[in-house]
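Numbers for residues simply follow the sequence, beginning at 1.
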Amino acid sequence: MRNKLINWYKAKIFPWLMDKNLGSSDIVKARKSLLSHAKGEILEVGIGTGNNLPFYPQNIKKITAIDPYIRQIKSEDIQVDLYPYSCEKMGFKDNSFDVVVCTFCLCSVEDVDRTLCEIKRVLKPNGKLLILEHGKARNKIFQLLQKIANPFFNSLACGCNVNRDYFMALEKAGFRLLKKSIRMCSIHPVLIAGYLYKAIAVIKKEAS
């Protein structure tokens with residue numbers, strides 16, 4: 001009975017709560033701004049319920065997507081080829097995509113470093129990684145608050161973490177940040193989860 005309730009919460013209640021929490025006007029604006037850079041062969045990792053689909057440029061008619069939880073995703077304008085792959089192990093060939101879109105996904109993966117390395121593998125040499133995530137605060141007091149709250153938040157939010165530094169992880173994985181910003185946003189609870197990371201990254205060129 002307990003497992004059934006947990007599975008029901010993960011499949012029905014949490015996606016609804018997440019969509020509500022990530023549906024504010026400032027998050028919508030951030031999605032639109034980020035996705036304006038999407039073009040060519042596109043992979044969206046952790047597509048969830050498809051919240052990004054209305055905000056892709058109008059010329060985008062097809063994307064590839066992955067999510068471990070296969071759901072019915074409805075879109076009148078974009079064809080979504082959905083695969084049940086983990087972000088940490090994708091069944092795509094090397095150098096397959098021009099753009100990889102990752103929004104509110106890295107907060108929940110088990111291994112950020114491995115996920116970014118896998119994204120790097122499937123991304124074309126001149127491709128772009130578009131990231132929108134909530135993560136580690138800049139203020140040390142709020143960082144401490146996040147550290148204390150993270151285990152509880154992780155349990156309630158199906159593995160989501162609030163205290164990850166994505167810019168540091170991107171640099172470590174061999175990406176160069178073309179654009180980056182951190183600002184407060186209306187993800188609740190704001191003082192714990194409301195630090196919005198936005199970045200456009202490319203693979204670093206190896207020194208010759």
Side-chain angles (χ1 to χ4, degrees), residues 14-85 87 90 92 96-109 112 115-116 118-119 122-124 126-135 157-158 160 162 164 166-167 169-170 175 177-188 190 193-202:
F14 177 68
W16 180 82
L17 291 173
M18 183 175 65
D19 288 350
K20 285 287 186 181
N21 206 11
L22 298 178
S24 62
S25 60
D26 59 337
I27 298 297
V28 167
K29 186 177 179 180
R31 290 185 195 269
K32 287 181 178 178
S33 173
L34 186 71
L35 292 171
S36 68
H37 299 276
K39 61 182 180 179
E41 294 290 328
I42 299 167
L43 170 65
E44 182 169 338
V45 299
I47 192 172
T49 56
N51 287 333
N52 284 329
L53 293 176
F55 308 119
Y56 278 99
Q58 289 185 349
N59 64 314
I60 302 300
K61 300 302 180 184
K62 178 182 176 182
I63 69 168
T64 302
I66 64 169
D67 199 286
Y69 301 101
I70 294 297
R71 306 178 178 96
Q72 186 175 7
I73 297 175
K74 296 180 180 180
S75 175
E76 295 181 359
D77 301 315
I78 298 177
Q79 176 185 332
V80 180
D81 293 340
L82 182 58
Y83 297 86
Y85 296 150
C87 295
M90 305 181 208
F92 304 119
S96 293
F97 300 99
D98 299 292
V99 168
V100 174
V101 175
C102 185
T103 65
F104 305 108
C105 171
L106 290 178
C107 56
S108 299
V109 299
V112 174
T115 297
L116 289 176
E118 188 68 350
I119 289 173
V122 302
L123 194 61
K124 293 179 182 179
N126 295 317
K128 291 181 179 178
L129 170 58
L130 310 181
I131 281 187
L132 193 67
E133 294 285 352
H134 66 115
C158 298
C160 180
V162 294
R164 291 177 169 175
Y166 301 106
F167 298 160
L170 285 164
F175 285 93
L177 296 167
L178 299 180
K179 294 183 180 180
K180 65 176 182 178
S181 65
I182 305 176
R183 64 174 178 83
M184 293 292 293
C185 68
S186 56
I187 299 176
H188 301 288
V190 173
Y195 304 91
L196 189 68
Y197 282 62
K198 181 181 175 185
I200 300 174
V202 294

Side-chain contact test, heavy atoms from C-beta onward, threshold under 4.5 Å: evaluate it for [X] versus [Y] and give yes or no.
{"X": "V202", "Y": "N126", "result": "no"}
{"X": "I131", "Y": "K180", "result": "no"}
{"X": "Y83", "Y": "D81", "result": "yes"}
{"X": "L34", "Y": "I200", "result": "yes"}
{"X": "K124", "Y": "F97", "result": "no"}

What are the two closest heavy atoms between [X] and [Y], and how far apart are they?
{"X": "A169", "Y": "V112", "answer": "CB-CG1, 3.9 Å"}
{"X": "F92", "Y": "L43", "answer": "CE1-CD1, 3.8 Å"}
{"X": "L129", "Y": "C102", "answer": "CD1-CB, 4.3 Å"}
{"X": "G46", "Y": "C105", "answer": "CA-SG, 3.9 Å"}
{"X": "K179", "Y": "H37", "answer": "NZ-CE1, 4.0 Å"}
{"X": "G50", "Y": "I73", "answer": "CA-CG2, 4.2 Å"}

Whether the side chain of [X] engages the backbone of [Y] through a donor-acceptor N/O pair (distance < 3.5 Å, no angle test) should be reported.
{"X": "D67", "Y": "L82", "answer": "no"}
{"X": "K39", "Y": "S36", "answer": "no"}
{"X": "E41", "Y": "S96", "answer": "no"}
{"X": "R164", "Y": "L106", "answer": "yes"}

Do Y56 and E44 pair up side chain to side chain, a donor and an acceptor below 3.5 Å, judged on atom types alone?
yes
Give the ring-plane orientation class for H134 versus F104, where under 30° counts as parallel, over 60° as perpendicular and anything between as tilted.
tilted
Hey, could you give me the CG/CG distance between N52 and L130, rounded to the nearest 0.5 Å?
10.0 Å
Distance check, rounded to the nearest 0.5 Å: L53 atom CG versus I60 atom CD1?
11.5 Å
Counting only heavy atoms not in K62, do more than 12 fall under 6.0 Å of its NZ?
no
